[in-house]
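Being a predicted model, the structure only gives us computed values, none of them experimental. Chain identifiers are assigned alphabetically (A, B, ...) following the order of the sequence lines, protein sequences preceding nucleic acid strands; residue numbering begins at 1 within each chain.
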Number of protein chains: 2
Amino acid sequence: MTVADDMRAKGMRMTVQRRLVLDALRRARHHTTAEEISRSIRASYPQIDPSTVYRNLEALERLGYVTHTHLDDRVTRWRRADSRPHGHLVCRKCGSEEEIAMSVLEPLAKRLKGEHGFRADLAHSAVVGLCRECAG
Amino acid sequence: MTVADDMRAKGMRMTVQRRLVLDALRRARHHTTAEEISRSIRASYPQIDPSTVYRNLEALERLGYVTHTHLDDRVTRWRRADSRPHGHLVCRKCGSEEEIAMSVLEPLAKRLKGEHGFRADLAHSAVVGLCRECAG
DNA sequence: GAGGTTATCGCAACTGCCCGCAATAGTGGC
DNA sequence: GCCACTATTGCGGGCAGTTGCGATAACCTC
Ligand SMILES: [Mn+2]
Ligand SMILES: [Mn+2]
Ligand SMILES: [Zn+2]
Ligand SMILES: [Zn+2]
């Protein structure tokens, strides 16, 4: 089933704007921002409003085609849901970013499930702290 | 040594605005927002600008008197640094918030230190996911 | 293919927060 | 106390989103 069919089956519509956001996400680098996507679309279709890009990223996220993560700034990072999940370590001093395997985070997820019945999404927010160099 | 002396020793100044932010933090509930602090100050001193409150929260944080955490919205939560550190579980569906002991998070912090030399601050961002009721 | 329903759009205004700048006011030295 | 120095302030404007609203256009039915 195509994305368009999936959407229609859920009472949503496949608009040109939606298609452009999906295309931009395929072209974009690993962790892209809404602003980047908006800019790349508006280069060819300047009439498309940034708020439409934001709303469509959220709509595609609800359908499970897209996810987002937060590093240590105020910018949300978007990626296709079919890319490999992973965690992030972000240094609050030098700003360095390191990707880590989900297996490192799994024991905590398991414990939160067992002790609190909480199904944690530990890839959603980066782990903030001090990297090896800055911790000294 | 008082906060004022500590500040002066570091070349900073104890302004009335700074004092008002500290007082408001003492009066405020556990996890307060800059907007709440600003509003409570401006009730008596309407000439004090919100940006001054933001800047002073950051200044007090650099000195170690204040910290902040992020739950699942775009609002930063501030608290005095002398309050007991703890983690948060936030349900992205129903919005419920649960506080958890740092001891639950410590094994992960230890592992990140050992394997990546990274000194993680696991209280900084809430763990997002689905609570017992919403996970089903 | 035309028509009616309504999801989605563009736009304008708003949010929490951040920043440059000129004016103000704490500060240490006298 | 007064002065000179400069950290900090109020203000205006910017950034990353979010939201309400009336206009548009995708969809389903015929
Ligand atoms: Mn933060
Ligand atoms: Mn999020
Ligand atoms: Zn990554
Ligand atoms: Zn819940």
Atom pair distance, as rounded to whole Å: [atom1] in [X] and [atom2] in [N]:
{"X": "A/His70", "N": "D/dA16", "atom1": "NE2", "atom2": "P", "result": "15 Å"}
{"X": "B/Arg74", "N": "C/dC18", "atom1": "CZ", "atom2": "P", "result": "11 Å"}
{"X": "B/Met7", "N": "D/dA7", "atom1": "CE", "atom2": "P", "result": "14 Å"}
{"X": "A/Asp6", "N": "C/dA7", "atom1": "CG", "atom2": "P", "result": "17 Å"}
{"X": "B/Lys10", "N": "C/dT27", "atom1": "NZ", "atom2": "P", "result": "15 Å"}
{"X": "B/Leu60", "N": "D/dT8", "atom1": "CG", "atom2": "C1'", "result": "13 Å"}
{"X": "B/Asp73", "N": "C/dC17", "atom1": "CG", "atom2": "C1'", "result": "13 Å"}
{"X": "A/Leu63", "N": "C/dA7", "atom1": "CG", "atom2": "P", "result": "14 Å"}

task: Compare the minimum distances between each of D/dT9, C/dC17, D/dG17 and the side chain of B/Thr52, then state the nucleotide with the smallest one.
output: D/dT9

Listed nucleotide nearest any side-chain atom of B/Arg18, set D/dA7, D/dG17, C/dG10: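 The nucleotide sitting nearest to the side chain is D/dA7.
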
For residues [X] and [Y], report the shortest heavy-atom separation together with the two atoms involved.
{"X": "B/Met14", "Y": "B/Ala4", "answer": "CE-CA, 3.8 Å"}
{"X": "A/Ala34", "Y": "A/Tyr54", "answer": "CB-CE2, 3.2 Å"}
{"X": "A/Leu105", "Y": "A/Gly87", "answer": "CD1-CA, 4.0 Å"}

field: Residues that B/Glu98 engages under salt bridge (Lys or Arg N to Asp or Glu O under 4.0 Å), provided they are two or more places apart
entry: none

query: Are A/Asp6 and A/Lys10 close enough, and set up right, to give a salt bridge (charged side-chain N to carboxylate O under 4.0 Å, His left out), and what steps lead you there?
result: CA-CA 7 Å; A/Asp6 187 22; A/Lys10 291 180 168 110; 2.8 Å; yes

field: Other ILVMFWY residues reachable from B/Val75 by side-chain steps of under 4.5 Å
entry: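 Listed partners: none, B/Val75 stands alone.
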
- prompt: Is B/Val90 isolated, or which residues cluster with it under the ILVMFWY side-chain rule of less than 4.5 Å, directly or via members?
  reply: B/Leu71

message: Contact list please: residues 21-48 of chain B against DNA chain C, heavy atoms, distance less than 4.0 Å, in numerical order.
response: B/Ala34

Rounded distance (nearest 0.5 Å) linking atom CD of A/Glu58 with atom CZ of A/Arg62: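 One gets 6.5 Å once the value is rounded to the nearest 0.5 Å.
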
- request: Take nucleotides 19-30 of chain D nucleotide by nucleotide from the 5' end and write B, S or -, depending on whether a protein heavy atom sits under 4.0 Å from the base, only from the sugar-phosphate, or from neither.
  value: BB----BBS---

task: Side-chain contact test, heavy atoms from C-beta onward, threshold under 4.5 Å: evaluate it for A/Trp78 versus A/Glu61 and give yes or no.
output: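 SC-SC contact between A/Trp78 and A/Glu61 confirmed.
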
query: Does some side-chain heavy atom of B/Leu57 sit less than 4.5 Å from a side-chain heavy atom of B/Leu25?
result: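 A side-chain contact under 4.5 Å exists here.
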
- request: Could you tell me, to 10°, how much the axis swings from one end of the helix from C/dG1-D/dC30 to C/dC30-D/dG1 to the other, five pairs per end?
  value: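 Taking the rotation axis at each end, their angle is 30°.
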
task: Determine whether the aromatic ring centres of A/His70 and B/His70 lie less than 6.0 Å apart.
output: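 No: the rings miss the under 6.0 Å criterion.
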
field: Phosphate contact (C/dC17 OP1 or OP2) by B/Tyr54 side-chain N/O below 4.0 Å
entry: yes

